[in-house]
Structures are given as C-alpha cells and as structure tokens.
Amino acid sequence: MTQEIFTQLAQSLIDGDPDATVDLTKKALADGVEPMAIIREGLMPGMNVVGDKFGCGEYYLPDLIIAADGMQQAMALLEPELRLRNQEVESAGTMVLGTVKGDIHEIGKTLVMTMLSASGFQVHDLGVDVAPERFVAKAREVHADLVGLSALLTTTMPGQRLVIEALDRDGLRPRVKVMVGGAPVSHAWAETIGADGYGEDAAAAVTLARRLVGRPVA
Ligand code: B12
C-alpha cells in the first residue's frame, strides 16, 4: 500500500503533474507515512528518473522545471512535518549554507537546511548563486562553526574550492569547518579541495555536521 503511493509519487514527477504530486503527498501524510520516507522513497527516485531522461535528451528544460515545481510544492508540505518530528532545544551549532555561484539548484540545499535546523543547528541559508565573499561575510557575522556548500553542476563544483580559498584568505579557516554536497560531488572531490567533509544526502549532512562540531550522535 505504502509502496504503491511511493510509486505514484515518483510517477507524478515523471509525468510532470505537480497537482498530483501535491495530492499524493497530502494523502501519504494523512496515511501516517513518515515525511523522510516520502522524500527518499517517492520524490527522490522520481526526480532521478526526470534527471536521467533530461540527461539522455528525452526530456527538455521545461520538463525539469515542471518536475522541480512539483517537488518544491511537496517539500513545502513536508518541511514543517520534518521539523515537528525532530525538535531539539539546545543549539547544536551555527551554519552558513548556500548553493555556490552560477548554480541555481536549491531543492537539495533546502532539504539539508530543513534537516539541520530540525536537528538543532542554527542555519543561515543564503540561497542560490552565492558568491564566495557572501559566504565569508556571513560566516564572520554570525560566528559560524560550519559552512555548507551545495553544487549540482560539474561546472559549478570548482566554486566550492573558491569559497574555501576565500575563507582561508580571510583567516577564518580552520576554525570554520566546510562541508560540501550535491549530486556530482564526492568524498574524493571534498579531499581534493580541502573540505572537511562530504555528505551524500540530508541525513548524512546531519551526521557529518555533528561530527565536525564535535557532537557526534551517541
Ligand atoms: C530540478 C533540476 C533542475 C531545476 C532546479 C530547480 C530548483 N529550484 O532547484 C532547474 C530546471 C532550474 C535546473 C536547471 C539546470 N539544470 Co538541473 N537538474 C535538476 C534535477 C532533475 C534534480 C535536482 C534535484 O532537485 N534533486 C533532488 C534533491 C533533493 O537532490 P540533490 O539536489 O542531489 O540534493 C541532495 C544531495 O545531493 C545532498 N546535498 C545537496 N546539497 C548539499 C550540500 C551539503 C553541504 C551537503 C552535505 C549535502 C548536500 O543532500 C540533498 C538532499 O538529500 C537534476 C538531476 C538529478 N538527478 O540530480 C538536474 C541536473 C543537476 N541539472 C543539470 C543541468 C545540466 C541543468 C542546466 C544546465 C540545464 C540547462 N541547459 O539550462 C540548468 C542549470 C541552471 C543553473 N545555472 O544552475 C544536470 C547537471 C549535469 C552536470 N553533471 O553538470 C543534471 C544532473 C541533469 C542531467 N542528468 O543532465 N535543473
């Protein structure tokens, strides 16, 4: 039964039917399905198929935009539910997060923000297409423990290195730890650019953030 709704959710994104994505998300929540499972088992697989179809030329940019619209509307319903399930009183640390310059992909970054906030981190989300200087200025202003950098394009991944270099120049490293993520990013890339860690998804981002601020989950 639950598997069926996951399949329908994925299919609604593949079909480019945001109204169906929203209705199915509401139905899954009403049926008591965990919000993270809705994302992991329904929405993400659907987005991956959309991405693959775009990658091989079967889908065009408007198809990506419609699918992203459905995903974002679903996320708007799921975010408050995620927060409700994970409240911590004490702040786990302060983070500045954004998608690097030239890159406007925001869905994954926003999911990381939601999960970190829900886990007690104070997250300052700078949005998308963020220049290195803005990361540095915000990190300084809020005395950040962590800077999180999202990049979804192979062409914008080097932007993560530029932010690390800008933090170095400003003297904020190594006090401020840097974590990187995004579909084309990997452990190897994180090491190459001198980041402190790589998280493959939002759950991994929380585990990593806790480790980097010296508060690993027991
Ligand atoms: C939706 C989408 C778009 C939407 C974005 C809408 C929005 N508001 O965000 C739009 C239509 C705008 C778009 C545009 C483009 N896109 Co696009 N897009 C996608 C798509 C289908 C899904 C991305 C997504 O939202 N995934 C769902 C989220 C939840 O997953 P995620 O982003 O990976 O995030 C998770 C992890 O990566 C990680 N994570 C992410 N950030 C961070 C940060 C930290 C610190 C950590 C620890 C973890 C972490 O945790 C997240 C949650 O689990 C992908 C395909 C794919 N499968 O990735 C292509 C894809 C990324 N796009 C691609 C391309 C080519 C483009 C365009 C260049 C197309 C064009 N010709 O114009 C433009 C670029 C625009 C720009 N300058 O940025 C390519 C990139 C190829 C490459 N390797 O470089 C992909 C892979 C599609 C493909 N197969 O060709 N896109």
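Counting convention: from 1, in listed order, for ligands and their atoms alike. Just the heavy atoms: all of them, side chains too, but no hydrogens, waters or symmetry mates, feed the values below. Numbers here are sequence positions counted from 1.
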Show me the side-chain donor-acceptor pairs of residues 60-77 shorter than 3.5 Å, one per line, residues at least two apart or across chains.
unit_1, atom_1, unit_2, atom_2, d
Asp63, OD2, Tyr60, N, 2.6
Asp69, OD1, Gln73, NE2, 3.4
Asp69, OD2, Gln73, NE2, 3.4
Gln72, NE2, Glu106, OE2, 2.8

Judged on heavy-atom distance to [atom], which of [options] sits nearest?
{"atom": "atom 34 (O) of ligand 1", "options": "Ala195, Gly46, Gly108, Gly70", "value": "Gly108"}
{"atom": "atom 27 (C) of ligand 1", "options": "Met44, Lys101, Met36", "value": "Met44"}
{"atom": "atom 39 (N) of ligand 1", "options": "Gly182, Ala183, Ala190", "value": "Gly182"}

Less than 3.5 Å apart, which donor and acceptor atoms pair up between the side chains of residues 136-146 and the rest of the protein, not counting sequence neighbours?
unit_1, atom_1, unit_2, atom_2, d
Lys138, NZ, Glu141, OE2, 3.4
Arg140, NE, Asp170, OD2, 2.8
Arg140, NH2, Asp170, O, 3.0
Arg140, NH2, Asp170, OD2, 2.6
Asp145, OD2, Thr94, N, 2.7

Spell out the protein N/O/S atoms under 2.8 Å from atom 17 (Co) of ligand 1 as residue plus atom name.
-> His105 NE2
For atom 75 (C) of ligand 1, what is the nearest protein heavy atom, given as residue, atom name and distance?
->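 Minimum-distance protein heavy atom for atom 75 (C) of ligand 1 reads Ile104 CG1, 3.7 Å.
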Short N/O distance, under 3.5 Å, between Met179 and ligand 1?
->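 No, since none of the N or O atoms of Met179 sits under 3.5 Å from an N or O of ligand 1.
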Which pairs pass salt bridge (Lys or Arg N to Asp or Glu O under 4.0 Å) with one or both residues in residues 45-61, sequence neighbours excluded?
->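 Residue pairs with at least one partner in residues 45-61: Lys53-Glu58.
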Heavy-atom contacts under 4.0 Å between Leu149 and ligand 1: side chain, backbone, both, or neither?
-> backbone
By number and element, which atoms of ligand 1 are closer than 4.0 Å to a non-hydrogen atom of Asp103?
-> 78 (O)
Find the distance between CZ (Arg210) and CZ (Phe121) and round it off to the nearest 0.5 Å.
->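 It comes to 6.0 Å.
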